[in-house]
Amino acid sequence: MKNQQIADIFNEIAELLELKNENVFRIRAYRRAAQNIGDLSKDVASLSYEELEAVPGIGKDLAAKVREFLETGRIAKHEELKAAAPGGLLELLRVPGLGPKKAKLLSDKLKVKGIDELEAAVRAGRLSGLPGIQKRTEENILKGIELLKRGTERRPIGRVLPLAEEIVRRMRSSAPVDQIEVAGSIRRWKDTVKDIDILATSRDPAAVMAAFVKLPQTNRVLAHGETKSSVITDDGIQVDLRVVDKDSFGAALQYFTGSKQHNIKLRERAVRAGLKINEYGVFREPGEKKIGGAKEEDVYRALKLAFIPPELREDAGEIEAALEGRLPDLVTLADIKGDLHVHTKWSDGSHDLDTIVQEGRKRGYRYIAVTDHTKGLGVAHGLDEQRLREQMRLIARANEKLSGFTVLAGTEVDIRADGRLDLADEVLAGLDIVVASIHSGFKQPQEQITRRLLAAVRNPCVSVIAHPTGRLLGERDAYAVDLEGVLKEAAKYGVAMEINAYPLRLDLNDLHIRMAKGYGVPLVISTDTHVANQFDYMAYGVSVARRGWVEKRDVLNTLSCEQLIKRLKACRSRKKREKASA
DNA sequence: GCCGTTTTCGGCCCGACTGTTTTCAGTCG
């Protein structure tokens with residue numbers, strides 16, 4: 001998919017136009033288009049011209065530019081702008097605190113090409129005498145460069161959410177806060193996040209600000225105002241805290257949860273309806289009479305919209321859906337009846353079957369599937385046919401003693417480099433559930449990986465494809481795969497795609513999930529638990545599913561055990577019939 | 001550059017903090 005490449009180019013065009021001091025609305029148009037193309041749940045190349053122009057923020061001109069890129073691999077306007085900009089100027093924009101105006105000034109007057117030269121120029125005192133630049137600005141540029149070098153990339157939500165919760169706990173105990181909540185992209189459960197946004201109410205905002213900048217995690221204070229402060233933690237993560245009045249909390253929570261695009265669209269609607277929305281509330285003009293703000297619901301109600309859950313707020317059609325009363329009834333953690341991807345000591349898990357059962361019951365589940373690795377994964381003590389049969393007997397005995405809870409006999413069978421499965425069909429056929437996944441050959445060309453996954457989908461015993469793209473956030477990119485092709489085939493046979501809830505996987509991701517749902521592919525949400533506490537990762541999986549507009553009925557492990565088994569059997573017989581008739 | 005239950009032209013979300021300024025531009029979210 002070329003979506004992200006095109007989005008990146010549009011964003012760069014926006015930056016280049018900004019440096020030329022172009023019309024800000026034109027710049028915004030490029031940014032908006034970039035966002036919407038990046039978030040598209042379909043390959044832009046597969047869209048007709050009409051469909052392309054129907055994408056919000058894409059008109060005739062930008063549709064033509066998308067086409068141009070798809071046909072030639074470049075956009076002339078982009079090349080032109082790049083050629084006209086002084087070398088290294090774009091790089092300067094990456095320094096936090098350095099915007100287009102100052103970057104342009106530094107590039108023009110000092111001819112610095114890139115960040116290293118800028119740093120040298122500051123240290124050599126070459127900035128003194130430039131208009132609007134004093135000692136403080138020089139210091140801030142150096143700090144910004146240091147921040148940039150330390151890395152400001154997005155981090156997996158699983159690495160940041162625990163820190164956010166810890167900060168909230170500390171603020172509760174050490175400052176006079178009343179309400180306090182994490183907002184921003186964490187509240188929307190984006191799979192990666194850049195910073196932590198926290199919102200609070202208090203009768204003494206100054207005391208809250210003071211306590212915040214003195215948190216033990218604080219490494220540097222970026223801003224310390226009366227109601228808003230920002231710090232960088234020892235881990236290099238920026239945390240913003242904002243304090244508002246109690247009767248503005250809802251409006252502020254809505255505002256700081258974002259996304260930016262979602263909010264812009266809401267405010268545009270507000271303006272058309274004679275309203276004004278800001279972080280303090282909803283106001284009716286003229287006279288600015290406040291008509292709401294204490295609750296987040298106030299904002300949506302004022303705009304005559306159904307309440308939109310945070311996970312959907314990406315300006316990806318949710319506002320239109322809310323208008324037309326067709327918002328999805330999103331799946332919740334409470335809907336999940338069992339976990340269908342769990343490892344035990346038999347392969348590389350940490351616990352025996354009894355412990356796993358206890359932990360599953362503790363979470364209110366009605367069933368779990370034991371899906372240990374297969375022999376091809378030697379490092380994981382994968383099971384061969386004989387050990388798997390042994391484990392199946394153990395599970396059968398365990399089930400005899402259990403009531404109201406079922407252990408499904410399963411496996412996470414390895415899809416080998418040549419596309420064959422790691423265990424014979426005769427053995428697989430005796431299992432309740434067969435989860436297939438790729439653990440090797442990540443660098444293979446797209447055709448080969450796609451062929452492997454298609455073979456697994458078509459195998460009469462396979463019911464689920466686990467972590468279908470193989471990505472590990474911050475560590476390994478998804479392998480090259482024609483996911484759309486795999487999804488279509490999965491839909492044909494009723495094979496489920498897994499939403500792997502392990503926080504570094506979240507695979508399928510939100511966009512893939514929405515695509516899968518579009519094709520009618522059944523989904524399962526599973527944790528891939530190796531250690532008992534990892535059962536709790538289900539919350540991440542459910543949240544990414546919600547970001548993919550998933551409803552309870554789309555998810556197989558919301559079914560009762562009996563219904564689930566029926567569905568799994570139906571999938572198998574459909575494939576067998578197909579095979580027999582072929 | 002996009003877009004329309006006021007509009008095919010004339011709008012386009014809104015506010016906090018900082019630093020360099022004496023009332024505001026730049027940056028950020």
Side-chain angles (χ1 to χ4, degrees), chain A residues 10 13-15 17-19 21-36 53-66 77 92-106 130-141 143-144 147 152 183-185 193-199 205 209 213 221-231 238-244 248 251-252 254-283 285 288 299 303-304 315 323:
Chain A
F10 279 1
I13 291 177
E15 286 181 335
L17 292 173
E18 210 165 29
L19 289 165
N21 208 10
E22 273 263 12
N23 181 316
V24 291
F25 299 108
R26 193 161 166 229
I27 293 162
R28 184 184 297 168
Y30 275 99
R31 292 233 158 86
R32 175 153 187 254
Q35 170 99 33
N36 287 336
E53 270 200 64
V55 174
I58 306 278
K60 277 211 158 22
D61 186 278
L62 292 183
K65 288 192 169 66
V66 169
K77 170 103 178 172
L92 298 186
L93 290 180
R94 287 174 37 230
V95 178
L98 209 50
K101 294 291 189 297
K102 283 204 202 81
K104 185 83 182 352
L105 176 77
L106 295 170
L130 290 179
I133 292 184
Q134 301 281 351
K135 195 144 181 37
R136 206 54 179 270
T137 306
E138 294 184 25
E139 284 168 21
N140 284 340
I141 289 174
K143 283 182 185 172
L147 224 58
T152 51
S185 52
V193 298
K194 216 175 72 205
D195 54 16
I196 298 174
D197 295 299
I198 301 174
L199 181 71
M209 291 292 113
V213 298
V221 179
L222 293 178
H224 182 173
E226 287 170 30
T227 62
K228 182 186 168 190
S229 295
S230 299
V231 303
Q238 180 169 337
V239 188
D240 301 330
L241 175 67
R242 180 80 180 259
V243 176
V244 296
S248 294
Q254 195 289 321
Y255 176 57
F256 289 110
T257 297
S259 66
K260 190 172 177 169
Q261 275 310 127
H262 175 88
N263 287 351
I264 287 176
K265 201 162 219 180
L266 285 190
R267 288 173 185 211
E268 281 170 358
R269 278 191 63 78
V271 169
R272 284 202 294 276
L275 301 170
K276 186 175 85 168
I277 298 177
N278 57 27
E279 56 262 59
Y280 301 110
V282 185
F283 304 86
E285 301 182 288
E288 305 248 310
V299 176
L303 294 173
K304 299 191 165 54
D315 188 21
L323 259 177

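Small disclaimer: the values here were computed from a predicted structure and weren't measured. Order of the sequence lines fixes the chain letters, A, B, ..., with proteins taken first and strands second; residue numbering starts at 1 for each chain. Just so you know, these numbers use all the heavy atoms, side chains as well, and skip hydrogens, waters and symmetry mates.
Considering only the side chain of A:Thr137, B:dG19 comes nearest among B:dG19, B:dT18, B:dG15. For A:Gln134, whose side chain is taken as the heavy atoms from C-beta onward, the closest listed nucleotide among B:dT20, B:dC13, B:dG15 is B:dT20. Listed nucleotides B:dC13, B:dG15, B:dG1 differ in distance to A:Arg28; the shortest reach to its side chain belongs to B:dC13. When distances run from any side-chain atom of A:Ala223 to the nucleotides B:dC17, B:dG1, B:dC13, the shortest one goes to B:dC17.
For the P atom pair drawn from B:dG26 and B:dT20, the interatomic distance equals 14 Å after rounding to whole Å. For the P atom pair drawn from B:dC17 and B:dC13, the interatomic distance equals 23 Å after rounding to whole Å. Rounded to the nearest Å, the gap between the P atom of B:dG10 and that of B:dT21 is 39 Å. Atom name P, nucleotides B:dT8 and B:dG15: the rounded distance is 29 Å, in whole Å.
Nucleic acid contact for A:Ile277: sugar-phosphate only, since backbone atoms but no base atoms lie under 4.0 Å from a heavy atom of the residue. Heavy atoms of A:Asp61 sit under 4.0 angstrom from primed sugar atoms or phosphate atoms, though from no base atom. Nucleic acid contact class of A:Ile264 (heavy atoms, under 4.0 Å, all strands): base. Counting non-hydrogen atoms under 4.0 angstrom, A:Arg136 reaches the backbone sugars and phosphates but no base. If you check every strand for non-hydrogen atoms under 4.0 Å, A:Ile58 touches sugar and phosphate atoms only.
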Please write out each protein N/O paired with an N/O of nucleotides 6-9 of chain B under 3.5 Å, distance rounded to 0.1 Å.
none

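Atom P of nucleotide B:dC12 and atom CZ of A:Arg26 are separated by 19 Å, given to the nearest angstrom. In this entry the distance linking CZ of A:Arg269 with P of B:dC12 reads 17 Å, nearest Å. The distance between atom CG of A:Asn23 and atom P of B:dG11, rounded to the nearest whole Å, is 13 Å. In this structure, A:His224 places its NE2 atom 13 Å from P of B:dG19, rounding to the nearest Å. B:dG1 atom P lies 17 Å from atom CG of A:Asn36, rounded to whole Å. Whole-Å rounding puts the A:Lys265 NZ to B:dG4 C1' distance at 13 Å. Atom OH in A:Tyr280 sits about 7 Å away from atom C1' in B:dG15, given to the nearest Å. Spacing between atom OH of A:Tyr30 and atom P of B:dG1 amounts to 4 Å, rounded to whole angstrom units.
Dashed line: the shortest gap from a side-chain N or O of A:Asn278 to OP1 or OP2 of B:dG15 is under 4.0 Å. A close approach under 4.0 Å does occur between a side-chain nitrogen or oxygen of A:Asn140 and OP1 or OP2 of B:dG19. In this structure, A:Arg267 does not reach the B:dC14 phosphate: none of its side-chain N or O atoms is under 4.0 Å from OP1 or OP2.
Side-chain N/O atoms of A:Gln261 and A:Asn263 include no donor and acceptor closer than 3.5 Å.
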(message) I'd like to compare against my own output: the B/S/- annotation of nucleotides 24-29 of chain B with a strict under-4.0 Å heavy-atom distance to protein.
(response) --SSSB
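The partner of B:dC12 is B:dG1, by the rule that a Watson-Crick or G-U pair needs both atom distances under 3.5 Å.
By the 6.0 Å contact criterion, NZ on A:Lys265 is enclosed, its count of non-hydrogen atoms from other residues, nucleotides or ligands being greater than 12.
Looking only at side-chain heavy atoms (C-beta outward), A:Thr257 and A:Ser185 stay at 4.5 Å or farther from each other.
Judged by distance alone, with hydrogens and angles left aside, the side-chain atoms of A:Asn140 form no donor-acceptor pair with the main-chain N or O of A:Lys143 at under 3.5 Å. Between the side chain of A:Asn36 and the main chain of A:Pro56, a donor-acceptor pair closer than 3.5 Å is present.
Only one option out of A:Leu303, A:Leu275, A:Ile277 pairs with A:Arg267 in a side chain to side chain contact (heavy atoms under 4.5 Å, CB included); it is A:Ile277. A:Leu222 pairs with exactly one of A:Pro96, A:Ser230, A:Ser229 by the side chain to side chain contact (heavy atoms under 4.5 Å, CB included) rule, that one being A:Ser230.
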(request) Run the numbers on A:Glu18 and A:Arg31 for salt bridge (Lys or Arg N to Asp or Glu O under 4.0 Å), then give the verdict. (result) CA-CA 11 Å; A:Glu18 210 165 29; A:Arg31 292 233 158 86; 3.2 Å; yes
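Comparing A:Asn263 and A:Gly132 against DNA chain B, the residue whose closest nucleotide sits nearer the 5' end is A:Asn263. Two residues, A:Thr227 and A:Ala54, neighbour DNA chain B, and the one matched to the more 5' nucleotide by heavy-atom proximity is A:Ala54.
Between A:Gly225 and A:Met209, the closest heavy-atom pair is O-CG, 3.4 Å. Pairing each heavy atom of A:Asn21 with each of A:Lys101, the nearest pair is OD1-NZ, 3.4 Å.
An anti base is found at B:dT20: its glycosidic angle is more than 90° from 0.
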